[in-house]
A.B. asks: 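A single structure is presented below for examination.
This is a predicted model, so every value here is computed, not measured. Residues take their numbers from the sequence shown, with the count starting at 1.
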Amino acid sequence: MFTGIVEKTLRIQAIADGPGFQRLTLPNTWPDVRPGESIAVNGCCLTVAELSDSEIGFDVIAETLSKTNLGLLCAGDIVNVERSLRAGDRIDGHYVQGHIEATARLVESIINPREVRLTIEPPHDLLKYVVAKGSVAIDGVSLTVASVHGHVFEVALIPTTLALTNLSSRSPGWPMNLETDILSRTVISWLERTRIAGDSQPPTA
């Protein structure tokens, strides 16, 4: 479990093909990372598979590559990283599982002296979980939905977010890793199942 509050950005050191997976290597900038630990990379929960004093290796399987933008990355690219939440930590963002549902296309970046706004187009079946003033995680960053209109939604980025993440470097067309809010998904899914179950009941006399 994560919060979507990105700790830092790291530059990918290497990407290598393995038998059924890709090995993604990042610099080890923490003193206490352990093998098997979960770390979110661009919002995707990955397991530490190899560890040294200088490097951390993750094995990214085909399912993850098909659902995220990790397969588009190259050595030298910058990724957002966050270590998993510990009991007793403050929840500064929102509950993020690190389970990317799909990628969402960056339609437009609007940059002016007052703010930076991103317009994002999610897959149609996920739009129902995106609620104005609700939460989403975009490439691992916890953001508040500024507005929803038509088939897109907008988020506004504060200077701190721009400074601590890689979101300002993304160009239109980039597939952002999207995780919708688990609370919205749970409530809407339950309501839909309840309605379907009710519709299937035979009428009473």
A.B. asks: Considering only heavy atoms from C-beta outward, does the side chain of Leu183 approach that of Val187 to under 4.5 Å?
C.D. replies: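 No. Closest side-chain heavy atoms not under 4.5 Å.
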A.B. asks: In the structure I gave you, are the side-chain heavy atoms of His151 and Glu121 within less than 4.5 Å of one another anywhere?
C.D. replies: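 When only atoms from C-beta onward are counted, Glu121 and His151 do touch, with a gap below 4.5 Å.
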A.B. asks: According to a 4.5 Å side-chain heavy-atom criterion applied to Ile, Leu, Val, Met, Phe, Trp and Tyr, with indirect links allowed, do Val141 and Leu85 form part of one hydrophobic cluster?
C.D. replies: no
A.B. asks: State plainly whether one hydrophobic cluster holds both Ile15 and Ile56, where clusters connect Ile, Leu, Val, Met, Phe, Trp and Tyr through side-chain heavy atoms under 4.5 angstrom apart.
C.D. replies: yes
A.B. asks: For Phe58 and Val48: C-alpha separation, side-chain torsions, deciding distance, then whether side chain to side chain contact (heavy atoms under 4.5 Å, CB included) applies.
C.D. replies: CA-CA 5 Å; Phe58 305 91; Val48 176; 3.9 Å; yes
A.B. asks: Thr180 and side chain to side chain contact (heavy atoms under 4.5 Å, CB included): which partner among Val130, Ile188, Val145?
C.D. replies: Val130
A.B. asks: Distance check, rounded to the nearest 0.5 Å: His94 atom NE2 versus Asp181 atom CG?
C.D. replies: 5.0 Å
A.B. asks: Could you check if a side-chain atom of Phe2 sits within less than 4.5 angstrom of a side-chain atom of Ser38, using non-hydrogen atoms only?
C.D. replies: yes
A.B. asks: Find the distance between CE (Met1) and CG (Asp89) and round it off to the nearest 0.5 Å.
C.D. replies: 13.0 Å
A.B. asks: What are the two closest non-hydrogen atoms of Ala156 and Ala146, and how far apart are they?
C.D. replies: N-CB, 4.3 Å
A.B. asks: When you compare the side chain of Asn42 with that of Asp139, does any pair of heavy atoms fall below 4.5 Å?
C.D. replies: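 Of all side-chain heavy-atom pairs linking Asn42 with Asp139, at least one is under 4.5 Å.
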A.B. asks: Can you confirm whether Leu191 sits close enough to Thr194 that some side-chain heavy atom of one is under 4.5 Å from a side-chain heavy atom of the other?
C.D. replies: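 No - every pair of side-chain heavy atoms lies 4.5 Å or more apart.
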A.B. asks: How many angstroms lie between OG1 in Thr9 and CG in Leu164, if you round to the nearest 0.5 Å?
C.D. replies: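 Rounded to the nearest 0.5 Å, the OG1-CG separation comes to 8.0 Å.
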A.B. asks: Out of curiosity, Glu63 CD to Thr68 OG1, how far, rounded to the nearest 0.5 Å?
C.D. replies: 9.5 Å
A.B. asks: Between Ile110 and Val155, is there shared hydrophobic-cluster membership here, with clusters defined by ILVMFWY side-chain heavy atoms closer than 4.5 Å?
C.D. replies: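 In one cluster with Ile110: Val155, no.
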A.B. asks: Give a yes or no on whether the backbone of Gly43 and the side-chain of Asn80 come within a donor-acceptor separation of less than 3.5 Å.
C.D. replies: no
A.B. asks: Side chain to side chain contact (heavy atoms under 4.5 Å, CB included) between Leu26 and Ile12: does it pass, once the steps are laid out?
C.D. replies: CA-CA 5 Å; Leu26 297 177; Ile12 296 174; 3.8 Å; yes
A.B. asks: Any donor-acceptor pair under 3.5 Å linking the side-chain atoms of Asn166 with those of Asp77?
C.D. replies: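 Note: Asp77 and Asn166 side chains miss the donor-acceptor criterion.
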A.B. asks: Under a 4.5 Å cut-off applied to non-hydrogen side-chain atoms, are Ser168 and Val116 in contact?
C.D. replies: no
A.B. asks: Identify the heavy atoms of Val131 and Ser184 that sit nearest to each other, and give their distance.
C.D. replies: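 Taking every non-hydrogen atom into account, CG2-OG, 4.3 Å.
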A.B. asks: Can any side-chain N or O of Asn177 pair as donor or acceptor with the backbone N or O of Gly140 at less than 3.5 Å?
C.D. replies: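 Checked: no pair found.
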A.B. asks: Within the side chain of Glu55, is there an N or O that forms a donor-acceptor pair under 3.5 Å with the backbone of Thr25?
C.D. replies: no
A.B. asks: Does any non-hydrogen side-chain atom of Leu167 lie less than 4.5 Å from one of Leu143?
C.D. replies: yes
A.B. asks: What is the minimum heavy-atom distance between Gln13 and Pro27, and which atoms define it?
C.D. replies: NE2-CB, 3.5 Å
A.B. asks: What do the steps show when you test Asp92 against Thr3 for side chain to side chain contact (heavy atoms under 4.5 Å, CB included), and what is the final call?
C.D. replies: CA-CA 7 Å; Asp92 292 318; Thr3 67; 5.5 Å; no
A.B. asks: How about Leu72 and Pro175: do any of their side-chain heavy atoms sit closer than 4.5 Å?
C.D. replies: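 Contact flag for Leu72/Pro175 side chains = yes.
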A.B. asks: Can you name the closest pair of heavy atoms from Val152 and Val107 and give their distance?
C.D. replies: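 The pair with the smallest heavy-atom distance is CG1-CG2, 4.3 Å.
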A.B. asks: Does the pair Ser169 and Ile78 meet the rule for a side chain to side chain contact (heavy atoms under 4.5 Å, CB included), with working shown?
C.D. replies: CA-CA 9 Å; Ser169 67; Ile78 293 175; over 6 Å; no
A.B. asks: When you look at CG of Asp53, are more than 12 heavy atoms from neighbouring residues, nucleotides or ligands closer to it than 6.0 Å?
C.D. replies: no
A.B. asks: I need the minimum non-hydrogen distance between Val148 and Ala132, along with the two atoms involved.
C.D. replies: CG2-N, 3.9 Å
A.B. asks: Within a radius of less than 6.0 Å around NE2 of His149, do more than 12 heavy atoms belonging to other residues, nucleotides or ligands occur?
C.D. replies: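 Enclosed.
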A.B. asks: If you compare all heavy atoms of His99 against all heavy atoms of Glu179, which two are closest, and at what distance to 0.1 Å?
C.D. replies: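 Shortest heavy-atom separation between His99 and Glu179 comes out as N-OE1, 3.3 Å.
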A.B. asks: Hey, any chance Leu73 and Val81 share a hydrophobic cluster, counting ILVMFWY side chains that come within less than 4.5 Å of each other, even indirectly?
C.D. replies: yes
A.B. asks: Would you call Glu7 and Arg83 a salt bridge, using N to O less than 4.0 angstrom?
C.D. replies: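 Looking at Glu7 and Arg83, the cut-off is not met.
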A.B. asks: Can any side-chain N or O of Glu154 pair as donor or acceptor with the backbone N or O of Ser147 at less than 3.5 Å?
C.D. replies: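 Side chain of Glu154 to backbone of Ser147, a donor-acceptor pair under 3.5 Å: no, none is there.
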A.B. asks: Just wondering, more than 12 heavy atoms not from Tyr95 lying within 6.0 Å of its OH?
C.D. replies: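 Result for OH/Tyr95: open.
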A.B. asks: Linking I/L/V/M/F/W/Y whenever any side-chain heavy atoms sit under 4.5 Å apart, do Met176 and Phe153 land together?
C.D. replies: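 They do share one cluster, since a chain of ILVMFWY contacts under 4.5 Å joins Met176 to Phe153.
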A.B. asks: When rounded to the nearest 0.5 angstrom, what distance separates CD1 in Ile120 from CZ in Arg105?
C.D. replies: 11.0 Å
A.B. asks: Working to the nearest 0.5 Å, report the span between CH2 of Trp174 and OG of Ser109.
C.D. replies: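 The CH2 atom of Trp174 sits 13.0 Å away from the OG atom of Ser109.
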